[in-house]
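Below, read A as the first sequence line, B as the second, and so on, with proteins coming before strands; counting in each chain starts at 1.
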There are 2 protein chains.
Amino acid sequence: MTKPQAKTKTKIQERNSRAILEAGLDVFSAQGFRGATLDQIAEAAGLSKPNLLYYFPSKDAIYLALLEQQLQTWLYPLRAMDPLGDPLAEVMAYVRRKLELSRDFPRESRLFANEILQGAPRLMPEIEGALKRLVEEKSAILTRWMSEGRIARMSPVHLIFAIWAMTQHYADFDVQVRAVLGPGHDPFAEAGSFLEQLFRKLLAP
Amino acid sequence: MTKPQAKTKTKIQERNSRAILEAGLDVFSAQGFRGATLDQIAEAAGLSKPNLLYYFPSKDAIYLALLEQQLQTWLYPLRAMDPLGDPLAEVMAYVRRKLELSRDFPRESRLFANEILQGAPRLMPEIEGALKRLVEEKSAILTRWMSEGRIARMSPVHLIFAIWAMTQHYADFDVQVRAVLGPGHDPFAEAGSFLEQLFRKLLAP
DNA sequence: ATTTATCTTGACCGATTGGTCAGGTCGGGC
DNA sequence: GCCCGACCTGACCAATCGGTCAAGATAAAT
């Protein structure tokens, strides 16, 4: 009777919802929220606009569903940093995983970049809440490792910022990176060994 | 008889063109090209929309004028890197100047970030031309310094990318940086000493 | 086979978009 | 005072925006 619910989805609901989110990711990540249009998303999803609005009540709902859906994936690598592991190995693994995310999910990276660039109007609660707590938790671990002399002493939060900045740069500014490098380069492979070198040197006590 | 030309501007032309570009910078940097509207720009400039279009023929023209106007300022710090100077001091000075640009001109930084995020449709010629040549020129200098053993050996282009990524991060993702740091922090001051430490250690031969 | 809930669409709506235009106002030179 | 070009505006336009709706097509359950 009512609009499709999350529970007990039919095959068609499953397929079309997925197609809409996939199309929305394409369009929102490339144009930002305001720049994207329902017509673009509908066409990319292979649906008519009214049919698209049969599955999601509004443009806003699609966008919010995308942000929510991708946030956990995006934070996972930092969550995975193990307080019991070897400090250098843990940080390097984080850098590597974050760069892999940039390489394999550049649209998701640009989706967040667009949102934050425009003041994070819809993501601010998550940033001030879950993200801030996660950074504080991992900062405490980094600080402990530093005071134990296992990695060099520095601001742990700005270390995390540096990892974010440099890995996401290769996703968000991909066209600039490729244009400046010119043909015959593999940006992500080169970035991998460059960042390996950079952080290994930086973290050495 | 014709529309106002660049040459022999009247006082009013001077004042209104400036107000439009200032307002356009505000709106375009906050909303991106597609998200910005002429009404928003006109209101921010204190002009009516038809009057705004008396000074610039189109939305596109305002946007292009802004990109062009700011590009030189944005590239200047890299241009200023002196091949005859002390390698470490020159690179550190570049980092410092780039961070100052992020601090003092965050709107300009976000304007470019928005443009490149969306595939640099209007800036690609400049990126492939002037910017690429500039990076190649400075990369050659960095490479020479490295082979002379004056700074550590690494990919010079990715070193430049790292400087861009980390300094612009503090402008483009300002709201995230402040939200995660919480109150009682001066992001740019902290970033200054963090980046000083990072690059000094990285560049040490 | 018929009912019933799910799925899909063309036509449409008011609001907003970038942009036009005819005509009005203003200020400085004569 | 008058004139002329620079400056400014209300009214308007076609296109596009996010979203609605009634009715038709399709599939699933009985």
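Residue A/Phe56 contributes atom CZ, which lies 13 Å from atom P of D/dG19 at whole-angstrom precision. Atom OH in B/Tyr54 sits about 4 Å away from atom P in D/dC7, given to the nearest Å. What separates CG of B/Leu47 from P of D/dG10 is a distance of 13 Å, to the nearest Å.
B/Ile160 places none of its side-chain heavy atoms less than 4.5 Å from the side chain of A/Val180. Side-chain contact between B/Leu159 and A/Phe194: present, with at least one pair of heavy atoms (C-beta onward) separated by less than 4.5 Å. Counting heavy atoms from C-beta outward, B/Trp74 and B/Gln168 have side chains that approach closer than 4.5 Å.
Nearest-nucleotide mapping onto DNA chain D: of A/Pro50 and A/Asp39, the residue sitting toward the 5' end is A/Asp39.
Using the six-membered ring where Trp is involved, A/Phe161 and A/Trp164 have ring planes that are tilted, between 30° and 60° apart.
The only member of A/Thr167, A/Asp104, A/Asp172, A/Asn114 that meets side chain to side chain donor-acceptor pair (under 3.5 Å) when paired with A/Ser109 is A/Asp172.
In terms of phosphate contacts, B/Gln13 brings no side-chain nitrogen or oxygen within less than 4.0 Å of OP1 or OP2 of D/dA6. For C/dT8, the OP1/OP2 oxygens have a side-chain nitrogen or oxygen of A/Asn16 closer than 4.0 Å. For C/dT8, the OP1/OP2 oxygens have no side-chain nitrogen or oxygen of A/Ser48 closer than 4.0 Å. Taking only side-chain nitrogens and oxygens, B/Tyr55 comes nearer than 4.0 Å to OP1 or OP2 of D/dC8. A close approach under 4.0 Å does not occur between any side-chain nitrogen or oxygen of B/Asn51 and OP1 or OP2 of D/dC7.
Figure legend: B/Arg122 and B/Phe33 shown as a cation-pi pair, the cationic atom lying under 6.0 angstrom from the six-membered ring centre and within 45 degrees of its axis.
A heavy-atom distance below 4.0 Å to DNA chain C is reached by these residues of residues 19-38 of chain B, ordered by number: B/Ala36, B/Thr37, B/Leu38.
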